[in-house]
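Report on the structure given below.
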Protein chains: 2
Amino acid sequence: MDLTPRQAEILDFIVRHLAERGAPPTRAEIVTAFGFRSPTAAEDHLRALARKGAIELRAGTSRGIRVLDAALPGAAGEAANEPIPDGIPLVGRVAAGMPMLATESVEAHYKLDRTLFHPAPDFLLRVQGWSMRDAGILPGDLLAVKRTPIAENGQIVVARIGDEVTVKRFERRGAIVRLLAANPDFAPMRIDLEREELVIEGRAVGLIRDGGFSLA
Amino acid sequence: MDLTPRQAEILDFIVRHLAERGAPPTRAEIVTAFGFRSPTAAEDHLRALARKGAIELRAGTSRGIRVLDAALPGAAGEAANEPIPDGIPLVGRVAAGMPMLATESVEAHYKLDRTLFHPAPDFLLRVQGWSMRDAGILPGDLLAVKRTPIAENGQIVVARIGDEVTVKRFERRGAIVRLLAANPDFAPMRIDLEREELVIEGRAVGLIRDGGFSLA
DNA sequence: TTGTCGGCTGTATAAAAACACAGTCTTTTC
DNA sequence: GAAAAGACTGTGTTTTTATACAGCCGACAA
């Protein structure tokens, strides 16, 4: 990584700011903290830190600075040698027409033990709504998804119909696909493959839930 | 503190946002996450949370939301800065009288991103049986557990009664504790603390499921 | 019945913040 | 000895973001 002393100071300030005030600093805050006279000084430092992998910058986002684990004190030895995969991406809102793993829609990366899921997932997707309740898939859960365009009957898939991404149980009979919810309150979706387009984005291979045990 | 369910959802979202993206959300981000049509909805919720002491708002500051420790589950707060252990142990068969984390009963270690669960869990436990079905906890799931001897009403706990380890929703009224299943087929367990011994091993803070989406 | 609270919609607007462009002056590094 | 990196100054412009104002509706308490 190899930061210059000045860059280390800036990074240190960001980490302290985060701990003390609960959010990363803005360019302006860096400017006043260091007595700069131009926002570009802060901007340049941030770019340098991002380039060196100490932080991640989110374009167009206020306080869009993310301190990467590798930069945190206590980070294990220099990762320079080992090609550590940088984790499984959490895919956020998926824009119309955009491929699922477009970088713009990746909200975070999680380092997960690969042996946890079988097969290894390609991305995580946050579940919205109660439609898969009876399959133990609740809103807020992260669904681990293996990318694959093929699905077999009975599998839980991530499908896309036009702009809408949905998680459902897959069932195909000839040219008619039915996407079944695991909740009697939701009607099955019926897609005629000869008329409508259905894209299978992948298959659910696992699930992660953080807390959220508030509801029965 | 006493938040309404909706307020708790908002707070939960803020905490998750903070963990996933490294900064608190803006009003606009809350709006899109919850599907509101007006920024005021988010504003009002933030004001309510601030009034109730769950968060602190910094006027005129973007993402000026600070989650107060008192609001964090387990109030463990510093989870993000803890040294990385060599993984979270998966506790297997628990022998009678043995402490939960006895090395003999540890079956595996999984390396997990610490920002995935709040607070950070101390061990994983394989769920047996369908008694928590309606809470989205299915047999075979790995329950992430934070060790703590205290539980609050409504929380899902890992409890031990004699030799038996069980996962249930906790409810205490005076000296009477009821352990409630999330499945009408299972009767609540009733424990009189003055007569029987009940050990709370910890609180459920998350869940991991590998595949197992075979049942509806 | 008249509040007050919770949970919203809808419209504005001022301030905060990101970030581009154009330079200057060192210090490294090839 | 020239190019590249580092550490800045100075001046905008465009988005984001916070937040005010004016309501609506249902629940619940005095």
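Source: prediction; values computed, not measured. Each chain gets a letter, A, B and so on, in the order its sequence line appears, and its residues count up from 1.
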Atom pairs, N/O to N/O, protein against nucleotides 15-18 of chain D, distance under 3.5 Å?
residue, atom, partner, partner atom, Å
D:dT17, OP1, A:Ser62, N, 3.0
D:dT17, OP1, A:Ser62, OG, 3.1
D:dT17, OP1, B:Arg63, NH2, 2.8
D:dA18, OP1, B:Arg63, N, 2.5
D:dA18, OP2, B:Arg27, N, 2.8
D:dA18, O3', B:Gly60, N, 3.4

Identify every side-chain donor-acceptor pair in residues 60-68 of chain B under 3.5 Å, counting partners at least two apart or on other chains, and give the distances.
residue, atom, partner, partner atom, Å
B:Thr61, OG1, B:Ala59, O, 3.1
B:Ser62, OG, A:Ser62, OG, 3.3
B:Ser62, OG, A:Arg63, NE, 3.0
B:Arg63, NE, A:Ser62, O, 2.4
B:Arg63, NE, A:Ser62, OG, 3.0
B:Arg63, NH1, B:Pro24, O, 3.0
B:Arg63, NH1, B:Glu29, OE1, 2.9
B:Arg63, NH1, B:Glu29, OE2, 3.4
B:Arg63, NH2, A:Ser62, O, 3.4
B:Arg63, NH2, B:Glu29, OE2, 3.2
B:Arg66, NH1, A:Glu20, O, 2.9
B:Arg66, NH2, A:Ala19, O, 3.2

Minimum side-chain heavy-atom gap B:Pro121-B:Val145 below 4.5 Å: no

Side-chain heavy-atom pair B:Pro184, B:Asp134 within 4.5 angstrom cut-off: yes

Side chain to side chain donor-acceptor pair (under 3.5 Å) partners for B:Glu196, two or more places apart: none

Partner residues of A:Asp192 under the salt bridge (charged side-chain N to carboxylate O under 4.0 Å, His left out) criterion, sequence neighbours left out: A:Arg195

Check: A:Val167 and A:Val157 side chains under 4.5 Å, non-hydrogen atoms: no

Smallest separation among heavy atoms of B:Leu142 and A:Leu116, with atom names: CD1-CD1, 4.3 Å

B:Phe170: ring pair (Phe, Tyr, Trp, His ring centres under 6.0 Å) partners, not counting sequence neighbours: none

Divergence of helical axes at both termini of the helix from C:dT1-D:dA30 to C:dC30-D:dG1 - five pairs an end, 10° steps: 40°

Ring pair (Phe, Tyr, Trp, His ring centres under 6.0 Å) involving B:Phe34 - partner list, sequence neighbours excluded: B:Phe13, B:Phe36

Residues forming a side chain to side chain donor-acceptor pair (under 3.5 Å) with B:Thr148, sequence neighbours excluded: none

Outermost nucleotides of DNA chain C that come under 4.0 Å of a non-hydrogen atom of chain B: C:dG6 to C:dA17

Distance below 4.0 Å between A:His45 side-chain N/O and D:dG6 OP1 or OP2: no

Check: A:Ser38 side chain, D:dG10 base, donor-acceptor under 3.5 Å: yes

Phosphate contact (D:dC8 OP1 or OP2) by A:Arg6 side-chain N/O below 4.0 Å: yes

Taking only N/O atoms, report every protein-nucleotides 3-5 of chain D pair under 3.5 Å with atom names and distance.
none

4.5 Å side-chain heavy-atom contact, A:Thr4 and A:Lys52: yes

Under 3.5 Å donor-acceptor, B:His45 side chain and B:Ile10 backbone: no

Qualifying residues under side chain to side chain donor-acceptor pair (under 3.5 Å), relative to B:Arg178, sequence neighbours excluded: none

B:Asp44 (side chain) donor-acceptor with B:Ala41 (main chain) under 3.5 angstrom: no

For nucleotides 22-25 of chain D, print each protein N/O atom paired with a nucleotide N/O atom at under 3.5 Å, atom names and distance only.
none

B:Arg209 side-chain N/O to A:Gly136 backbone N/O, donor-acceptor pair under 3.5 Å: yes

